[in-house]
Amino acid sequence: PMTTLYPFWQNDTKTPKVDDGSSPEIKISVPFIYFGIPYRSIYVNNNGVISFNTLVSQFTPEAFPLADGRAFVAPFWADVHNGIRGDISYRESTEPGLLLRASKDIRRHFKDMGSFSATWVLIVTWEEVTFYGGSSTTPVGAASG
């Protein structure tokens, strides 16, 4: 079945339009437990990485686990340049419909998490972004993580 993006809106917070840029540190309302470590803030990085403790400007993907131990999620790791085209936006939500959808998605894709129940979601969207060296008319991509 076709996967649809989670909903995003014009009033979501946008990252700066700059090559290899990032959001400022984002304090999150619910700690994000990642490999047993609770993180209370994140960065949304233009190159497709959501990171903990530090921003990540790296644009060349590499295999996990990373040798330097950086902790991040990489839903769209690529050499993105939103200064040329597109937007990168994010928002937190505890809206019940989104929590139900996220819970069902996790249960469907992670069979060992059959009782998972989301209490918080972060929606990050890379909309119609292009690559470094691209132009306003080059092919674009979209991802939501």
Side-chain angles (χ1 to χ4, degrees), residues 3-134 136 138 140-145:
T3 302
T4 58
L5 299 177
Y6 279 68
F8 57 98
W9 295 283
Q10 286 302 111
N11 59 350
D12 288 0
T13 303
K14 291 183 173 52
T15 65
K17 287 184 170 286
V18 60
D19 188 36
D20 302 334
S22 173
S23 71
E25 182 179 26
I26 303 163
K27 302 289 185 182
I28 53 179
S29 60
V30 175
F32 187 92
I33 311 296
Y34 192 60
F35 290 97
I37 299 171
Y39 294 96
R40 300 187 188 292
S41 66
I42 59 168
Y43 293 83
V44 173
N45 302 279
N46 291 355
N47 288 329
V49 172
I50 302 164
S51 59
F52 308 100
N53 292 339
T54 186
L55 59 86
V56 174
S57 61
Q58 181 178 342
F59 55 84
T60 304
E62 59 185 90
F64 286 94
L66 300 175
D68 61 9
R70 286 176 293 170
F72 59 76
V73 180
F76 196 60
W77 199 0
D79 195 2
V80 173
H81 195 330
N82 64 330
I84 297 171
R85 179 176 183 170
D87 287 302
I88 300 155
S89 61
Y90 58 92
R91 81 172 185 286
E92 288 186 85
S93 179
T94 56
E95 193 271 310
L98 289 176
L99 296 180
L100 180 61
R101 178 179 173 183
S103 297
K104 287 180 178 179
D105 285 347
I106 294 297
R107 288 184 211 138
R108 181 172 56 245
H109 297 292
F110 298 90
K111 299 301 182 193
D112 61 335
M113 298 186 75
S115 62
F116 178 81
S117 182
T119 58
W120 169 90
V121 294
L122 176 75
I123 297 173
V124 181
T125 305
W126 287 263
E127 180 187 21
E128 296 189 0
V129 293
T130 194
F131 53 92
Y132 179 84
S136 62
T138 52
V140 297
S144 189

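On a predicted model such as this, the values are computed, not experimentally measured, just so you know. Throughout, numbering of the chain's residues begins at 1 and tracks the sequence.
Trp126 approaches Gly48 most closely through the heavy-atom pair CZ2-CA, 3.3 Å.
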Under 3.5 Å donor-acceptor pairs involving side-chain atoms of residues 87-94, not counting sequence neighbours:
{"unit_1": "Asp87", "atom_1": "OD1", "unit_2": "Lys17", "atom_2": "NZ", "d": "3.1"}
{"unit_1": "Arg91", "atom_1": "NH1", "unit_2": "Pro7", "atom_2": "O", "d": "3.0"}
{"unit_1": "Arg91", "atom_1": "NH1", "unit_2": "Asp12", "atom_2": "OD1", "d": "3.4"}
{"unit_1": "Arg91", "atom_1": "NH1", "unit_2": "Asp12", "atom_2": "OD2", "d": "3.2"}
{"unit_1": "Arg91", "atom_1": "NH2", "unit_2": "Pro7", "atom_2": "O", "d": "3.2"}
{"unit_1": "Glu92", "atom_1": "OE1", "unit_2": "Ser29", "atom_2": "N", "d": "3.0"}
{"unit_1": "Glu92", "atom_1": "OE1", "unit_2": "Ser29", "atom_2": "OG", "d": "2.9"}
{"unit_1": "Glu92", "atom_1": "OE1", "unit_2": "Trp120", "atom_2": "NE1", "d": "2.4"}
{"unit_1": "Ser93", "atom_1": "OG", "unit_2": "Glu95", "atom_2": "N", "d": "3.0"}

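The closest donor-acceptor contact from the side chain of Asn47 to the backbone of Val80 lies under 3.5 Å. Using modelled atom types, one side-chain atom of Asn46 and one backbone atom of Val18 make a donor-acceptor pair closer than 3.5 Å. Looking only at distances, no side-chain donor or acceptor of Tyr43 sits under 3.5 Å from a matching main-chain atom of Val56.
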Practice task
Tell me, with the steps shown, if Phe76 and Val124 meet side chain to side chain contact (heavy atoms under 4.5 Å, CB included).
Solution key: CA-CA 10 Å; Phe76 196 60; Val124 181; over 6 Å; no

Exercise for the section: Give the C-alpha distance, both sets of side-chain angles, the deciding distance and a yes or no for side chain to side chain contact (heavy atoms under 4.5 Å, CB included) between Thr13 and Ile26. Expected result: CA-CA 11 Å; Thr13 303; Ile26 303 163; over 6 Å; no

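Contacts of Ser41 classified as side-chain hydrogen bond (donor to acceptor under 3.5 Å, both in side chains), with partners at least two apart in sequence or in another chain: Glu25. Here Tyr39 pairs with Phe52 under the ring-ring contact (aromatic ring centres under 6.0 Å, His included) rule; sequence neighbours left out. The side chain to side chain contact (heavy atoms under 4.5 Å, CB included) test applied to Pro96 returns no partner, not counting sequence neighbours. With sequence neighbours left out, Asn45 forms a side-chain hydrogen bond (donor to acceptor under 3.5 Å, both in side chains) with Ser22, Ser51. For Ala102, the side chain to side chain contact (heavy atoms under 4.5 Å, CB included) test picks out Tyr6, Ala118, Val121, with sequence neighbours left out.
Taken from NZ in Lys104 to NE2 in His109, the straight-line distance is 13.0 Å, to the nearest 0.5 Å. With values rounded to the nearest 0.5 angstrom, Thr15 atom OG1 is found 12.0 Å from Leu55 atom CG. Interatomic distance, Leu122 CG to Ile50 CD1, rounded to the nearest 0.5 Å: 5.5 Å. Taking CG of Asp20 as the start and CG of Asn82 as the end, the distance is 10.0 Å to the nearest 0.5 Å. Note that CZ of Arg101 is 12.0 Å distant from CG of Leu99, once rounded to the nearest 0.5 Å. Annotation: the span from Lys14 atom NZ to Ser23 atom OG amounts to 14.0 Å, rounded to 0.5 Å.
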